[in-house]
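Inspection log for the structure reproduced underneath, given as structure tokens.
Note that the structure is predicted; figures quoted are calculated from it, not measured.
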Amino acid sequence: MSSIFIIIAGILWGIISVFVTTLKSIGFSSMEVVALRVIFSAIILLIYLLVTDRNKLKIKLKDIPLFCGTGICSIVFFNFCYFQSIEIIGGAAIPALLLYTAPIFVMFMSLFLFKENITVKKVISLLVTILGMCFLTGVFSGKETITLEGFLYGLGAGFGYALYSILGKFLLKKYDSMTITTYTFVVASVAVIPFSGIIKDYNLMLNTESLLWSLGLALVCTILPFILYTKGLLKIEAGKASIVATVEPFVAAIIGVTVFSESITVEKIIGMVLILFAIILLNIRKAK
């Protein structure tokens, strides 16, 4: 069931392009979309817990640094690095591949922090996933160039993305997944508002269409998948979870073809098959 939670989370993250593309067409910048995502998510989660279970809003002061870690070092940091990488490199293919170096960071951090074993199956799944991402993003076509700065920002995105799995493991020992998700986005909101530029575009944010798409982005592509992913971490190793979640680019590729009429190539099909194979391989249990 934990793997299913994480797969569903990956699918919901994978359809985010529909919401982001629409909001950017309305007039928001990339970082403003990030701000809308975390602000609306924080507000919805706070209201929900205030109405249903206020006890889940209780946290210890000594754990605030961990929430700052999930909110700032993970959510805000990886989004900032990811958009910077896209801007510097001038395309989304290589930045997307670098973002999904996250399982590598998770696997090695989990080795030292949680004493999780690096098995042959994990390594094979990881290598197949990276190979699949190479095909899916079109890296093998050789159409994109990459600078050292762009490469480092891309790796920074992968590292920031990986931190949520690691820090989430520590917080799950003390708090419910709703508590973790809520405070993660509250902290992220406070951190991202000053430099996102969203304040000067507040009139645009109050537009009915903007509100509806922002709510959809928060509920469908943020709150629900983060809760499911955090719940999945309860009974699954962080390294395994981060690889299973790579169903996201698989879904994103399907959305690109069906919704945005992107061309389907042999490279994309091979990439999808490889990522799906890696996820299945990772979840096959040995017979007793």
Side chains of D63 and Y175: is there a donor and an acceptor less than 3.5 Å apart?
yes

If we ignore hydrogens and angles and just use 3.5 Å, is the side chain of N207 paired with the main-chain N or O of S210 as donor and acceptor?
yes

Y48 side chain to T182 side chain, donor-acceptor N/O pair below 3.5 angstrom:
no

Stepwise side chain to side chain contact (heavy atoms under 4.5 Å, CB included) check, M109 with F112:
CA-CA 5 Å; M109 284 191 282; F112 297 104; over 6 Å; no

Hey, does the side chain of T179 reach the backbone of K56 with a donor-acceptor pair shorter than 3.5 angstrom?
yes

Should the ring pair W13 and Y229 be called parallel, tilted or perpendicular, given that the plane angle runs from 0 to 90° and is split at 30 and 60?
tilted

T70 side chain to Y164 backbone, donor-acceptor under 3.5 Å:
no

Check: R54 side chain, L50 main-chain N or O, donor-acceptor pair, under 3.5 Å:
yes

Using the ring of each side chain (for Trp, its six-membered ring), is F195 parallel, tilted or perpendicular to F80, with breaks at 30° and 60°?
perpendicular

Sub-3.5 Å donor-acceptor pair from the side chain of Y183 to the main-chain atoms of L57, do we have one?
yes

Look at the side chain of Q84 and the backbone N and O of C81, then say whether any donor-acceptor pair between them is shorter than 3.5 Å.
no

For S74 and G71, indicate whether the former's side chain and the latter's backbone hold a donor-acceptor pair under 3.5 Å.
no

Mind checking whether F226 and F185 have ring centres under 6.0 Å apart?
yes

Does I223 offer a backbone N or O that forms a donor-acceptor pair with the side chain of S41 under 3.5 Å?
no

